[in-house]
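The figures here come from the full heavy-atom set of this structure, side chains too, leaving out hydrogens, waters and symmetry mates. Below, chains carry the letters A, B, ... as their sequence lines are ordered, and counting in each starts from 1.
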Amino acid sequence: MINTLAANSLSDAFDGLSVPLYGQLSSGDALVVAAIIHAVLVFHVFALCPFFLIWLERKGSGRIQDRLGPTRVGGRFGWLQSLADGIKLIQKEDLCPPVADAMLFRSAPYIVCLASFAAFVVLPFSHNWVAVSADCGLFILLSILSLEVFGIIMAGYSSGSKWSLFGGMREAAQMVSYEIPLAICALIPIVSAGSLNLGEIGDMQGGHLGNWFLFHDPFTFVAFFVFFVVLTAGCKRAPFDLAEAESELVGGFHTEYSGMRWSFFFMGEYASMFALCGVAAILFLGGWHTGIPGVDGLLQEWRLKGAESPEFSPLGYLANVIGAGVFVSKAAFGVFVQIWLRWTLPRLRIDQVMITCLKYFVPISCFLFLGATVWPLMWMFATDDGLTSAPFRSPLGNRATHAVSEGTKESSSTPQSSAPAEAPEDNSEAESAATGENTAMAEPITVGMNFSEVRQ
Amino acid sequence: MTNLVGHLLLFGGSVCVLLALPMIVGRLVRPKLPTPEKDAIYECGEPAIGSSYIQFDLRFYVVALLFIIFDVEVAFFFPWAAIYGNATQLADTRLDDAARDHLSARLLDQNPATNEIISAQTARSLAITGFFDLLVFFVVLLVGFAYVWKRGDLDWIRALTQKSKQAADQTVPSHQNTSSVTTTA
């Protein structure tokens, strides 16, 4: 176990391990074992997120409306309320109206949960604490999360109720539109970071608060707030919860659902809220870095120590645990702000929701994207010294490298030897994640060709 | 690749199993007593009229068509942004040697050991080229967007807006009318 904790990835640790009754594990076996462990660990996060967040939502809404919220279950603060809800929901009758399309109706909640759970595959919780450190992680994460809408549309269509149908169609309209500003805003820090690997993006924001992409330039600063509003809409949270809209559509897409099946929609919803707030934390708010200069330096030192020693180093591990804590708190705070918004703002009308996206968020995010692109060029032309960011900042490239190379040391040769091999993989990963967009990854090749022309 | 696909499959499989578990446990403890009233579609206490599998106005299919194109274009931006970010980082003359090695390797997709090093000057011209590439790409997209906006395809109630525009040409404009007429879907 100690070796496991010191290794760069779980599958490396299991490779060649001898197991009683089975013999030596091949690298394929190791991969499967590692994947199972990842799945079990991440499922706990996935299940505990809604558990805690639903309690937080009830407590928060209670306080905002001058009530107490749950107080009884589990003693103080009613913190076991979600468990009591779960037990109640298991005992509820599982209804499926005869007019509904039973197969679609029963499978829709699974699709919603599957999409939001699979997004956790590429979401890092701390330095190197990620199930798969994919080089196009952000792209995969966004494309997987957007599959959630299929579950909602299936639920809405198959219920056989007009309320559900309206809810499902609204959700389709909303999601298709809000995906655009969401993706463009997610790109704005990438223009500076130059990497789609969420782990690398998080790592390069260490040091102090000023290194967070939020404060990188004025465009990323505004982009964070736009991103946050758009992700609230993307999670169909109030004031954009038109798919549910209990005061006009009864319950929208889940009108006909009951019991456990109904609660799966909420598990998926809270988990994807958490995942998207986590992405916001990584892209803009420094990920697992505290932002306090002294503390960040110390944690980085511990990590380096852990990376240098071949054996398990408790300090390096502790630094990662603290990092994970910081990351989870940032993401949970993001969710709390969403809860706060829900119980503070009235719901928009569907046409207002669409107009807000089409006529405000899309142009604003396009402008911010162009602004963030021009920013380094502006410094390039304004100063003759060849700067690409403000003179008082350390060059981003240095940060990007030292954060990453520190990870490289951890398993001396693996990342280096696998670096060229990983790149073609990414192409196909992107294809499998987003079919129909397979030309997307052709771009680096073209740019690379451009580049060789430039060199000549 | 195998790693990622394996993980996705396994995560998908495990979440289905772990969600099916409480459903199966529930089968033992929950009642199953369907009645015609309980099985009826919820319609606020009234019997529902007609089926819900009907044709109805999707409202926004023009927008959907537009946004499919937008979506594809945004998918092109992801790799572009990664390369551009790399190039602008390399264009910085303050970069130390280790960083330059690493970033060049990443940009050229090479093993760091047999690395060609990209000078700040080259990276700078790459960044500028990249910027103009993007500009051409983006301007075409935005011109299309502006055209659709001008044509009124982005309005929720297109027919009404056009009617009110025609009415406005002839008589006094009545914008309040248009904004107060809304639909539920």
Heavy-atom pairs under 4.5 Å with chain B, option from A/Arg261, A/Glu179, A/Gln91 with the top count: A/Gln91

Segment of B/Leu90 engaging chain A (4.5 angstrom heavy-atom cut-off): neither

Donor-acceptor under 3.5 Å (A/Ser258 side chain, A/Leu95 main chain): yes

Any donor-acceptor N/O pair, B/Tyr84 side chain to A/Thr373 backbone, under 3.5 Å: yes

Any donor-acceptor N/O pair, A/Trp163 side chain to A/Glu256 backbone, under 3.5 Å: no

Top of A/Leu142, A/Leu138, A/Val362, A/Val40 for chain B proximity - count of heavy-atom pairs under 4.5 angstrom: A/Val362

Contact leader toward chain B among A/Leu187, A/Val191, A/Asp101, where contacts are heavy-atom pairs under 4.5 Å: A/Leu187

Heavy-atom pairs under 4.5 Å with chain B, option from A/Gly160, A/Ser164, A/Ser195 with the top count: A/Gly160

B/Ala40, part contacting chain A, at a heavy-atom distance under 4.5 Å: backbone

Interchain contact, B/Glu43 with chain A, by part (heavy-atom threshold 4.5 Å): both

Straight-line distance of B/Thr88 OG1 to B/Ile128 CD1, nearest 0.5 Å: 11.5 Å

Residue part contacting chain B, namely of A/Lys92, when any heavy atom lies under 4.5 Å: backbone

4.5 Å side-chain heavy-atom contact, B/Leu33 and B/Lys38: yes

Options A/Ala100, A/Pro109, A/Ala183, A/Ala118, ranked by heavy-atom pairs under 4.5 Å with chain B, top entry: A/Ala183

Contacting moiety of A/Glu93, where chain B heavy atoms sit under 4.5 Å: both

NZ or CZ of B/Arg124 within 45° of A/Phe381 ring axis and under 6.0 Å: yes

Interatomic spacing from CE in A/Met267 to CE in A/Met260 - rounded to 0.5 Å: 7.0 Å

Closest-packed option against chain A by number of heavy-atom pairs under 4.5 Å, given B/Ala127, B/Ala82, B/Gly26: B/Ala82

Side chain / backbone / both / neither for A/Val42 at chain B, heavy atoms under 4.5 Å: side chain

Nearest-0.5 Å distance, CZ of residue A/Phe139 to CZ of residue B/Phe77: 12.5 Å

Atom OH of A/Tyr157 with >12 non-hydrogen neighbours under 6.0 angstrom: no

Atom group of B/Tyr53 that falls short of 4.5 Å from chain A, counting heavy atoms: side chain

Check: A/Trp375 and A/Ile188 side chains under 4.5 Å, non-hydrogen atoms: no

A/Tyr178 side chain to A/Val353 backbone, donor-acceptor under 3.5 Å: yes

Under 4.5 Å from a heavy atom of chain B, the part of A/Leu114 involved: both

Validation row: A/Ile140, A/Val121 side chains within 4.5 angstrom (heavy atoms): no

Residue, of A/Ser161, A/Ser192, A/Pro97, that accumulates the most heavy atom pairs under 4.5 Å with chain B: A/Ser161

Contacting region of A/Ile36 [heavy-atom separation from chain B under 4.5 Å]: both

Parallel, tilted or perpendicular: ring planes of B/Trp149 versus B/Phe145, cut at 30 and 60 degrees: perpendicular

Heavy-atom contact with chain B under 4.5 Å, split by part of A/Phe43: side chain

Contact leader toward chain A among B/Leu28, B/Leu142, B/Leu10, B/Leu135, where contacts are heavy-atom pairs under 4.5 Å: B/Leu10

Region of A/Phe369 in contact with chain B, defined by heavy-atom distances below 4.5 Å: side chain

B/Leu141, part contacting chain A, at a heavy-atom distance under 4.5 Å: neither

Proximal component of A/Ser159, with respect to chain B [non-hydrogen, under 4.5 Å]: backbone

